[in-house]
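All of these numbers come straight from a predicted model, not from anything done at the bench. Atom set for the values below is all heavy atoms of this structure, side chains included, hydrogens, waters and symmetry mates excluded.
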Amino acid sequence: MKINKDEIEEKIVNEVLEDFKYRQMERKSFENNWQLNINFFLGNQYCYISPSGEIMEYGKQYFWQEREVYNHIANLVEVRLAKLARVRPSLTVVPFSDEENDIACAKTSKKILKAVSHNLNISKILSQGTLWSEICGTVFYKIDWNNNGGKIVGRDEIGRELKEGDVELSVVSPFEIYPDSNTYTSIDDCMSIIYARSFHKDAVKNIWGVEVEGKSIDVYTLDSVGSAGGLGYNTMSSSLAKKVKNDQVLVLEKYVKPTVEYPNGRLIIIAGNKLIYMGELPYINRAENKRGFPFIKQVSIPMPNCFWGNSVIERCIPIQRSFNAVKNRKHEYLNRLTMGVLAVEDGSMDIENLEEEGLSPGKVLIYRQGANIPKMLSSDNLPIDFKAEEEALLEEFVTISGVSDLLKSASVSHGNISGVALQLLIEQDEAKLVSSAEEIRYCAKEIAKQILRLYKQYAMTEHTTRIVGENGSVELFYWKNSDINSEEVVFETENEMNETLAQKRSMIFEILNAGLLNDEDGKLSNSMRSKILEQLGFGIWETSHDIKALQTNNATKENVNLLINNEIKSPLDIDDHDIHIAEHTAFMLGSELEKAMKKKPYLLESMLNHVKEHKSFLENLNKVENEK
């Protein structure tokens with residue numbers, strides 16, 4: 001019996017949908033914890049996970065009950081994020097060999113990473129991802145190749161723009177990733193991963209050219225709930241809630257690891273109930289030219305034998321609940337002390353009036369003759385247990401979260417403490433974040449590797465890129481995939497959490513005072529002065545007054561202009577001809593001109609004539625000096 005194509009596609013779609021439902025059920029408990037963490041971070045802290053697995057809200061038991069939220073979790077997460085924001089490693093590329101050509105390619109790869117980091121704003125993307133990992137414990141980064149990205153290189157037959165293509169980097173929340181098992185510890189251990197997203201039906205048609213019927217789909221979004229408040233008032237707090245979106249299509253991308261049957265892996269994309277793509281994994285993004293998943297995982301706190309990381313919020317939720325309870329019970333006690341509790345004999349006076357108006361200042365109480373006078377019930381002073389428990393819970397927040405404010409610490413603010421001891425306290429405090437900081441460094445390194453591999457796979461045409469050079473000038477260089485022969489990315493610096501800005505500046509001054517940065521004459525060169533100022537955080541303004549640096553930059557621009565526009569302007573009277581001759585000579589001896597001459601052999605003659613003009617200017621100046 002012959003099976004037609006439609007039956008095969010229908011079978012594949014059903015298999016993927018069934019697999020997706022199974023993975024949803026298997027991941028449900030982790031998803032519930034993420035929702036609870038987000039609610040506590042946003043301030044909706046009167047919720048819990050019901051036995052059915054749903055996030056439920058609970059209201060007041062009495063109208064007078066205090067239910068305010070004193071959100072210390074958000075503050076702890078913000079402090080952790082502020083400290084982790086310093087982790088932005090400087091990366092470099094190791095040459096494939098010690099040959100001059102490989103060293104030049106490694107320098108080009110480093111420039112590419114620098115330019116891409118600026119264009120994609122990778123620092124901001126890492127900050128967005130770290131926010132997800134700190135709240136939910138896990139986040140993912142997806143590296144894609146966008147054929148519609150980059151600069152315009154031409155037009156097709158019908159006038160549409162043709163672009164060179166570029167890398168895309170996006171943050172993927174843990175709600176969108178479904179591994180085949182939750183017991184794996186890394187992405188590469190998984191046999192397959194499903195990436196699930198919700199699109200409007202029109203977006204599906206624009207992206208994939210397929211018409212799919214839209215449905216109503218539940219999505220997570222922010223909402224407001226009136227779960228907090230006190231006696232006589234209510235307050236609204238943000239929360240994570242499910243909302244129904246209409247005309248939506250569930251798009252599933254199933255990535256399957258390379259196997260013996262499928263050596264290049266498989267990618268299956270389903271929109272609704274239609275198969276819109278099935279083929280091999282598109283990207284050669286692993287070492288040794290192998291294909292793999294386009295995802296990089298970052299966790300806040302690694303968990304043994306678990307795909308998902310842990311969040312510090314999960315540990316702080318019981319403390320936050322206890323702290324809210326203590327503060328609210330304390331305020332209820334103070335309400336009784338200030339407002340009082342009035343004892344009134346039954347039938348002695350108008351109870352309804354008393355309940356509505358209370359005991360206002362100057363109020364006249366009229367009670368029945370012969371009845372007992374209404375009186376206030378006495379209350380004891382506020383027990384010291386409230387204060388003790390409140391302080392204990394605050395200390396527990398610091399112990400569990402691993403972050404503290406040393407300026408508010410009693411041992412620091414009320415005692416005499418030396419600078420060395422204070423530095424040790426800071427180092428101990430920062431050491432608690434080293435594990436999370438290493439995760440960010442690992443992700444930055446893997447992102448750089450995959451970016452270089454995608455460029456090596458797709459950057460067939462010549463790209464022109466601008467970066468800020470060492471002397472603060474705009475450097476223009478051109479490259480293509482053949483210029484990337486190494487993807488070995490390494491760190492140039494140690495973990496930034498181990499060294500504060502003050503420590504770095506202090507070390508620079510010590511090296512400077514020791515004279516290790518001076519040249520052979522024992523003086524500090526202008527270029528070294530510029531680098532020192534840059535490392536100290538004062539930018540590169542010093543080079544704006546360095547005539548030699550300006551002359552060097554001008555000569556470099558002439559070299560680049562020759563490569564791109566095939567022309568070079570005549571020397572000017574204001575040029576420092578010695579510097580120009582040296583820069584042009586170095587350029588002619590380098591590999592860039594040699595590569596360009598394969599297509600444009602006349603460039604060498606143009607540059608030689610230009611150097612001759614500089615030498616002619618220099619000879620005329622020397623004659624004038626000799627005559628004087």
Side-chain angles (χ1 to χ4, degrees), residues 100 103-104 107-108 110-112 114-115 118-119 151 462-480 483 518-521 523-534 538-628:
E100 185 177 351
I103 295 174
K107 291 181 179 179
T108 301
K110 182 180 178 180
K111 291 179 180 179
I112 293 171
K114 185 177 181 180
H118 174 74
N119 295 336
K151 300 175 183 176
E462 198 170 81
H463 286 57
T464 304
T465 306
R466 289 183 176 88
I467 62 170
V468 178
E470 294 182 355
N471 293 318
S473 61
V474 177
E475 181 180 348
L476 187 66
F477 69 101
Y478 69 100
W479 57 275
K480 58 181 180 179
D483 294 319
N518 296 340
D519 56 16
E520 295 83 357
D521 300 328
K523 297 180 179 180
L524 196 65
S525 64
N526 289 332
S527 59
M528 182 56 67
R529 185 183 295 110
S530 171
K531 292 179 181 178
I532 293 173
L533 289 170
E534 184 178 358
F538 294 106
I540 47 180
W541 51 269
E542 175 68 15
T543 58
S544 62
H545 301 289
D546 187 358
I547 298 300
K548 290 184 178 180
L550 293 175
Q551 292 283 356
T552 302
N553 294 340
N554 189 34
T556 304
K557 290 178 183 178
E558 291 178 354
N559 296 336
V560 174
N561 186 56
L562 176 67
L563 292 174
I564 296 176
N565 300 322
N566 305 326
E567 62 180 9
I568 187 168
K569 63 181 181 179
S570 299
L572 302 175
D573 292 333
I574 62 173
D575 289 342
D576 188 321
H577 302 288
D578 288 323
I579 294 177
H580 276 252
I581 291 172
E583 288 297 319
H584 296 325
T585 303
F587 173 68
M588 286 187 287
L589 295 175
S591 59
E592 289 183 291
L593 183 60
E594 184 179 352
K595 291 179 182 178
M597 283 172 55
K598 293 178 181 179
K599 296 181 180 179
K600 307 169 185 176
Y602 56 86
L603 293 181
L604 179 60
E605 185 179 356
S606 298
M607 181 55 74
L608 288 173
N609 292 333
H610 183 75
V611 171
K612 288 180 181 178
E613 291 183 26
H614 275 294
K615 290 182 177 180
S616 177
F617 265 96
L618 195 60
E619 290 176 0
N620 293 332
L621 289 175
N622 291 333
K623 287 181 181 179
V624 173
E625 290 292 331
N626 293 332
E627 290 176 358
K628 289 182 179 179

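Note: Ile112 CD1 to Lys110 NZ = 13.0 Å, rounded to the nearest 0.5 Å. Taking NE2 of His577 as the reference point, atom CG of Asn620 lies at 9.0 Å (rounded to 0.5 Å). Atom CG in Asp575 sits 8.0 Å away from atom CZ in Phe617 (nearest 0.5 Å).
With sequence neighbours excluded, the residues that form a side chain to side chain contact (heavy atoms under 4.5 Å, CB included) with Asn559 are His584, Phe587, Met607. Glu613 meets the side chain to side chain contact (heavy atoms under 4.5 Å, CB included) test with Ser570, Pro571; sequence neighbours excluded.
Around atom NZ of Lys151, more than 12 heavy atoms belonging to other residues, nucleotides or ligands sit under 6.0 Å away. Other residues, nucleotides and ligands contribute over 12 non-hydrogen atoms within 6.0 Å of the CG atom of Leu572. For NZ of Lys612, the number of neighbouring non-hydrogen atoms (other residues, nucleotides, ligands) closer than 6.0 Å is 12 at most.
Looking only at side-chain heavy atoms (C-beta outward), Asn609 and Glu605 come within less than 4.5 Å of each other. Looking at Leu608 and Met588, their side chains come closer than 4.5 Å, going by heavy atoms from C-beta outward.
Summarising the geometry of Ile574 relative to Gln551, their closest heavy-atom pair is O-NE2, 3.1 Å, with the distance given to 0.1 Å. Of all the heavy atoms in His610 and Lys569, the pair that sits closest is CE1-O, 2.8 Å. Contact between Asp483 and Thr108 at its shortest, heavy atoms only, is CB-CG2, 4.2 Å. Ile568 and Ser606 make their closest contact through CG2-O, 4.3 Å (heavy atoms, listed as atom of the first residue, atom of the second, distance).
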Legend entry - Chi angles and distances behind the side-chain contact (heavy atoms from CB on, under 4.5 Å) call for Val611, Lys615: CA-CA 6 Å; Val611 171; Lys615 290 182 177 180; 3.9 Å; yes

